[in-house]
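Report on the structure given below.
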Amino acid sequence: GESVGLHLPTLSVQEGDNSIINCAYSNSASDYFIWYKQESGKGPQFIIDIRSNMDKRQGQRVTVLLNKTVKHLSLQIAATQPGDSAVYFCAENTGGGANSKLTFGKGITLSVRP
Amino acid sequence: DTEVTQTPKHLVMGMTNKKSLKCEQHMGHRAMYWYKQKAKKPPELMFVYSYEKLSINESVPSRFSPECPNSSLLNLHLHALQPEDSALYLCASSPRTSQEKLFFGSGTQLSVL
């Protein structure tokens, strides 16, 4: 069936390095993608989004890349900091308006080494 | 105010108890959601309210009963729960009904004994 998944369950990076978190999706009808960050004891927090008519979008220290040809989404975090340690979820949205459906990926844990 | 506030933060209840989870937002968002999240798993959608009307029920058992008293409040009434219902219950809201840019609360950690 249709699914959103992540290539790796955990990622460990050195403080100051760049992080890349990858996500594969299989629903070619998805038109909107979001990255969420969930810290321990908190709810998911919106990081950045991208629509299917774009292939790159930049925020503060974060960049999302979308490759529709291979159905791949990635989140790049520049100069990773200890505060970036969290679980990251990609999510895809299919349909529109009241018929939209948001599907979360499995999640990947980012651990930042001091 | 850009927060979604959930109470209580923690709840322990027996299988015969009745309890309610509460959620509040003052961002003027017109869609509100209940999600269930098991440890190390992604959130799973339970209910969606659009303009204070229930628009999506993801085949949730009737022991979970949602209520939307007004555009800022969302409740989840719990009755005769099972131990497997123990989870983090997350409330979220969004500016539009298209499930884009969800703002989540910190959740209620529920334990059913």
Side-chain angles (χ1 to χ4, degrees), chain A residues 2-6 8-11 21 23-25 27 29-54 57 59 64 73 86-111, chain B residues 2-10 21 23-25 27 29-59 74 87-110:
Chain A
E2 302 290 2
S3 66
V4 177
L6 296 172
L8 298 172
T10 59
L11 177 65
I21 303 172
C23 176
Y25 67 94
N27 190 342
S30 294
D31 56 5
Y32 176 68
F33 304 86
I34 316 102
W35 280 101
Y36 286 95
K37 171 187 179 183
Q38 186 171 21
E39 297 176 85
S40 180
K42 297 184 178 180
Q45 176 186 5
F46 173 89
I47 301 174
I48 192 168
D49 58 358
I50 189 167
R51 297 202 178 274
S52 58
N53 60 354
M54 303 173 68
R57 190 159 188 232
V64 56
L73 187 72
V87 177
Y88 288 80
F89 293 99
C90 66
E92 60 178 332
N93 193 301
T94 309
N99 295 320
S100 67
K101 181 174 175 63
L102 185 69
T103 304
F104 283 85
K106 291 188 174 72
I108 182 168
T109 300
L110 177 65
S111 177
Chain B
T2 58
E3 286 188 349
V4 175
T5 304
Q6 288 188 246
T7 56
K9 291 191 183 304
H10 302 275
L21 310 185
C23 175
E24 189 169 2
Q25 59 89 13
M27 295 177 279
H29 288 176
R30 304 321 301 262
M32 296 187 75
Y33 311 79
W34 281 114
Y35 279 84
K36 174 182 178 180
Q37 186 178 29
K38 289 281 200 178
K40 301 187 188 303
K41 298 289 187 182
E44 297 176 358
L45 183 65
M46 300 174 72
F47 302 104
V48 181
Y49 273 82
S50 298
Y51 293 92
E52 303 165 47
K53 295 190 186 306
L54 183 64
S55 60
I56 295 177
N57 177 340
E58 290 285 342
S59 302
L74 187 66
L88 180 68
Y89 287 85
L90 292 162
C91 174
S93 69
S94 63
R96 295 186 295 270
T97 59
S98 56
Q99 299 188 39
E100 297 181 2
K101 291 189 177 179
L102 299 180
F103 288 73
F104 283 89
S106 292
T108 295
Q109 187 65 54
L110 174 68

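Sequence lines set the chain letters: A, B, ... in the order given, protein chains first and strands last, and positions in each chain run from 1.
The two atoms that bring B/Tyr35 and A/Leu102 nearest to each other are OH-CD2, 3.9 Å, heavy atoms only. The shortest non-hydrogen separation linking A/Phe104 to B/Pro42 is CB-CB, 3.7 Å. Taking every heavy atom of both residues into account, B/Gln99 and A/Asn93 meet most closely at O-ND2, 3.4 Å. B/Lys41 approaches A/Phe89 most closely through the heavy-atom pair O-CZ, 3.8 Å.
A/Tyr32 contributes no side-chain N or O that, together with a main-chain N or O of B/Ser98, makes up a donor-acceptor pair within less than 3.5 Å.
Contact annotation for B/Leu90: only side-chain heavy atoms (C-beta onward) come within less than 4.5 Å of a heavy atom of chain A. For B/Glu44, no part sits under 4.5 Å from any heavy atom of chain A, backbone or side chain.
Each of A/Glu39, A/Gln45, A/Arg51 has some count of heavy-atom pairs under 4.5 Å with chain B, and the biggest count is that of A/Arg51. Contact count versus chain A (heavy atoms, under 4.5 Å) is highest, among B/Cys91, B/Ala92, B/Pro43, for B/Pro43.
We find the NZ-CD1 distance between B/Lys101 and A/Ile34 to be 10.0 Å, quoted to the nearest 0.5 Å.
With sequence neighbours left out, the side chain to side chain contact (heavy atoms under 4.5 Å, CB included) criterion links B/Glu52 to B/Arg30, B/Cys68, B/Ser71. For the ring pair (Phe, Tyr, Trp, His ring centres under 6.0 Å) test, residues two or more places apart in sequence or in another chain that qualify with A/Phe33 are A/Tyr25.
Counting non-hydrogen atoms of other residues, nucleotides and ligands closer than 6.0 Å to NZ of B/Lys38 gives a total above 12.
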